[in-house]
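Predicted model, so just to flag it, every value in this text is computed and none were measured. For reference, positions follow the sequence shown, starting with 1.
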Amino acid sequence: MSTDSVKQAEINQVKNLEEKTGKKINEWISIANNSGFEKHGEILNYLKTKHGIGHGYANLVVHYAKQAMQAQRQMKQTGSRNNIKGRKN
């Protein structure tokens, strides 16, 4: 399977999740990140049991949520480094 077809399959899965649940992927990411859980399996189980979505959709959401959290951490770290560099002693 080519990279393009994998990416297209992911796009289709997001579209199908949104159509089936009525929630946008960003809403699902927020739900996952505010679940109170940190481990992949814990968030996955939470989405499946509390929100009734299937394993594949829950797994997709967890991956997206983890990527969003990582990006947010990196932005905070970059911002902190920039603030430190800009300080005068």
Side-chain angles (χ1 to χ4, degrees):
M1 196 179 257
S2 73
T3 304
D4 290 339
S5 60
V6 170
K7 189 63 179 169
Q8 187 59 50
E10 186 178 311
I11 290 166
N12 289 339
Q13 192 176 17
V14 169
K15 181 180 144 220
N16 292 337
L17 170 68
E18 292 176 345
E19 287 175 1
K20 183 174 182 169
T21 64
K23 288 184 172 78
K24 296 290 185 185
I25 189 66
N26 288 338
E27 293 174 80
W28 283 112
I29 290 169
S30 180
I31 290 167
N33 285 340
N34 292 309
S35 68
F37 299 107
E38 292 187 24
K39 293 183 178 180
H40 182 103
E42 293 172 335
I43 301 168
L44 184 87
N45 188 51
Y46 169 78
L47 293 171
K48 289 168 59 176
T49 58
K50 297 293 181 186
H51 294 278
I53 62 174
H55 183 86
Y57 288 141
N59 194 50
L60 176 79
V61 170
V62 175
H63 281 287
Y64 273 58
K66 293 262 185 195
Q67 289 172 359
M69 287 179 80
Q70 181 65 26
Q72 193 173 41
R73 281 189 204 116
Q74 288 175 344
M75 287 176 61
K76 284 181 182 178
Q77 289 175 348
T78 302
S80 295
R81 277 186 246 143
N82 289 341
N83 287 340
I84 292 169
K85 289 178 184 177
R87 289 185 186 163
K88 294 183 181 180
N89 292 336

Using modelled atom types only, decide if a donor and an acceptor are shared between the side chain of Ser30 and the backbone of Glu27 within a distance under 3.5 Å.
-> no
Going through the checks in order, is the salt bridge (Lys or Arg N to Asp or Glu O under 4.0 Å) test met by Lys15 and Glu18?
-> CA-CA 5 Å; Lys15 181 180 144 220; Glu18 292 176 345; over 6 Å; no
Pick from Glu19, Lys23, Lys24: which one makes a side chain to side chain contact (heavy atoms under 4.5 Å, CB included) with Thr21?
-> Lys23
Which pair of heavy atoms, one from Glu38 and one from Ile43, lies closest together, and at what distance?
-> O-CD1, 3.8 Å
Taking every non-hydrogen atom, the tightest pair across Leu44 and Asn59 | CD1-N, 3.2 Å
Roughly how far, to the nearest 0.5 Å, is CD of Gln70 from CD of Gln72?
-> 10.5 Å
Nearest heavy-atom contact between Ala68 and Ile29 is CB-CG2, 4.0 Å
If we only count heavy atoms from C-beta on, is the Leu47 to Trp28 side-chain gap below 4.5 Å?
-> yes
Could you pull out the closest heavy-atom pair between Lys48 and His55, with the gap in Å?
-> NZ-ND1, 3.3 Å
Is Val61 close to Ile31 at the side-chain level, that is, under 4.5 Å between some pair of heavy atoms?
-> no
Kindly assign one of parallel, tilted or perpendicular to the pair Tyr46 and Phe37, based on the angle between their ring planes and the thresholds 30° and 60°.
-> tilted
Just wondering, do Ile11 and Gln8 contact through their side chains at under 4.5 Å, heavy atoms?
-> yes
Taking every non-hydrogen atom, the tightest pair across Tyr57 and Gln13 = CE2-O, 3.6 Å
